[in-house]
Amino acid sequence: SSQWGYDTDNGPDHWHKYYPIAKGDNQSPIEINSKDVQHDPTLPPWSVAYDPGAAKTILNNGRTCRVVFDDTFDRSVLRGGPLQGNYRLRQFHIHWGSSDDHGSEHVIDGVKYAAELHMVHWNPKYSNFAGALKQPDGVAVVGIFLQVGNTPKPEMKRILEEIDNVKTKGKEAPFTNFDPSILFPKSRDYWTYHGSFTTPPCEECIIWILLREPIVVSPDQMAKLRSLSINAETEPVRPMVDNWRPPQPVKGRVVKASFQ
Ligand SMILES: NS(=O)(=O)c1ccc(C(=O)NCc2ccccc2F)cc1
Ligand SMILES: [Zn+2]
């Protein structure tokens, strides 16, 4: 079945048949082992300037829940860290598991988090997103780990409230006046490496910026994410869970850390 997904018959082990780059040397996610990480004292801090007015809609595309932003000009941008110039915020989305003990895509010293949020930005020196996909520095994704605890981050509430409006595949709802930087943890410490989309087309165009400090979500908030469906409204209910790709071969790549 050409429609890729996360099931046995169309999941990560099948993707290479339609997207051969899935077996490339710069694939994501990866397992990060602190012993192999290189602290780079020359790495500057990263920063964002997000315009809450750029938020447009929230969408269930049958694989994840995505919030889309206006990226027709430098309205919400990420800069600094390993990046040269401004990168425009296009969307953010989340990957999660069927239970709290797994769900993240990147794995840190053997730790799988319950979920991983990706804020996707592209380099406007390549005229559009499709053009940026073909460049090694075309896209920058900030990854934030979500761990389950009892002091949840109130800023997640807005996203989870909107989930009721996009329960099934193809559902879209307005999602305005939202500054995603409120989701960031306190620390700006990060790991960075060169990799790929963790879903088809698996293009190797991403500079990853993974935040070291996870944010906390409640068990109820995780249950809310798991209440999303991959099916359309008229089809039998199939829960949207385990929409994560397992770690891929590091192939000699070096992960740098902004911290000691
Ligand atoms: N999980 S992740 O690595 O952060 C990731 C980020 C963005 C996409 C994406 O834009 N896909 C749609 C898409 C649209 C147009 C052209 C190519 C595409 F992949 C996929 C995966
Ligand atoms: Zn993602």
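Order of listing sets the numbers, starting from 1, for every ligand and every atom in it. Scope of the values below: all heavy atoms of this structure, side chains included, with no hydrogens, waters or symmetry mates. As the structure is a computational prediction, the values presented were derived from the model and not from experiment.
- At a heavy-atom distance under 4.0 Å, only side-chain atoms of V120, from C-beta outward, approach ligand 1.
- The minimum heavy-atom distance between T8 and H14, with the atom names listed, is O-NE2, 2.7 Å.
- With salt bridges taken as basic N to acidic carboxylate O contacts below 4.0 Å, none links D70 and R88.
- Using a 4.0 Å cutoff on heavy atoms, E203 does not count as a contact of ligand 1.
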key: Residues W244, Y113; criterion ring pair (Phe, Tyr, Trp, His ring centres under 6.0 Å); working and verdict   = CA-CA 11 Å; W244 51 276; Y113 287 95; over 10 Å; no
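- Comment: D40 engages K256 in a salt bridge, judged by a side-chain N to carboxylate O separation of less than 4.0 angstrom.
- The distance from ligand 1 to the heavy atoms of H118 drops below 4.0 Å at these ligand atoms: 1 (N), 2 (S), 4 (O).
- Between D25 and R253 there is no salt bridge, since none of the side-chain N atoms of the basic residue sits less than 4.0 Å from a carboxylate O of the acidic one.
- The salt bridge (Lys or Arg N to Asp or Glu O under 4.0 Å) analysis of residues 189-211, with sequence neighbours excluded, yields the pairs K134-E203, D189-R212.
- Under the 4.0 angstrom criterion for non-hydrogen atoms, H95 is in contact with ligand 1.
- Counting only residues at least two apart or on different chains, no ring pair (Phe, Tyr, Trp, His ring centres under 6.0 Å) pair has a member in residues 209-229.
- At least one cation-pi condition fails for R245 and W15: the charged atom is not both under 6.0 angstrom from the six-membered ring centre and inside a 45 degree cone around its axis.
- Taking a 4.0 Å cut-off on heavy atoms, R90 fails to register as neighbouring ligand 1.
- Nearest to atom 11 (N) of ligand 1 by heavy atom, out of R66, E105, E116, H121, is R66.
- Every atom of ligand 1 with a heavy atom of L133 under 4.0 Å away is listed here by number and element: 16 (C), 17 (C).
- The H93 neighbourhood of ligand 1 comprises atoms 1 (N), 2 (S), 4 (O), 5 (C), 6 (C), with distances under 4.0 Å to a heavy atom of that residue.
- Contact between I206 and ligand 1 is present, with at least one heavy atom of the residue lying under 4.0 Å from the ligand.
- Remark: minimum distance from atom 13 (C) of ligand 1 to any protein heavy atom is reached at F129 CE2, 4.2 Å.
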Would you tabulate the side-chain donor-acceptor contacts of residues 165-175 under 3.5 Å, counting partners in other chains and residues two or more places apart, or write 'none'?
| unit_1 | atom_1 | unit_2 | atom_2 | d |
| --- | --- | --- | --- | --- |
| N165 | ND2 | E162 | OE1 | 3.1 |
| K167 | NZ | S227 | OG | 2.6 |
| E172 | OE2 | T57 | OG1 | 3.1 |

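- Cluster membership for W122 and L89, using ILVMFWY side-chain heavy atoms within less than 4.5 angstrom, is not shared.
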ask   = What do the steps show when you test N26 against S196 for side-chain hydrogen bond (donor to acceptor under 3.5 Å, both in side chains), and what is the final call?
value = CA-CA 6 Å; N26 299 285; S196 74; over 6 Å; no
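- The main-chain N or O of H39 is never found under 3.5 Å from a side-chain atom of Q260 such that the two would form a donor-acceptor pair.
- Heavy-atom distances between A130 and ligand 1 stay at or above 4.0 Å for every pair.
- Here is the list of ligand 1 atoms found below 4.0 Å of a heavy atom in W208: 3 (O), 4 (O).
- Distances from atom 5 (C) of ligand 1 to the heavy atoms of F197, Y19, F92, W122 show the closest one on F197.
- Residue-and-atom listing of protein N/O/S atoms under 2.8 Å from the Zn ion (ligand 2), sorted by chain and number: H93 NE2, H95 NE2, H118 ND1.
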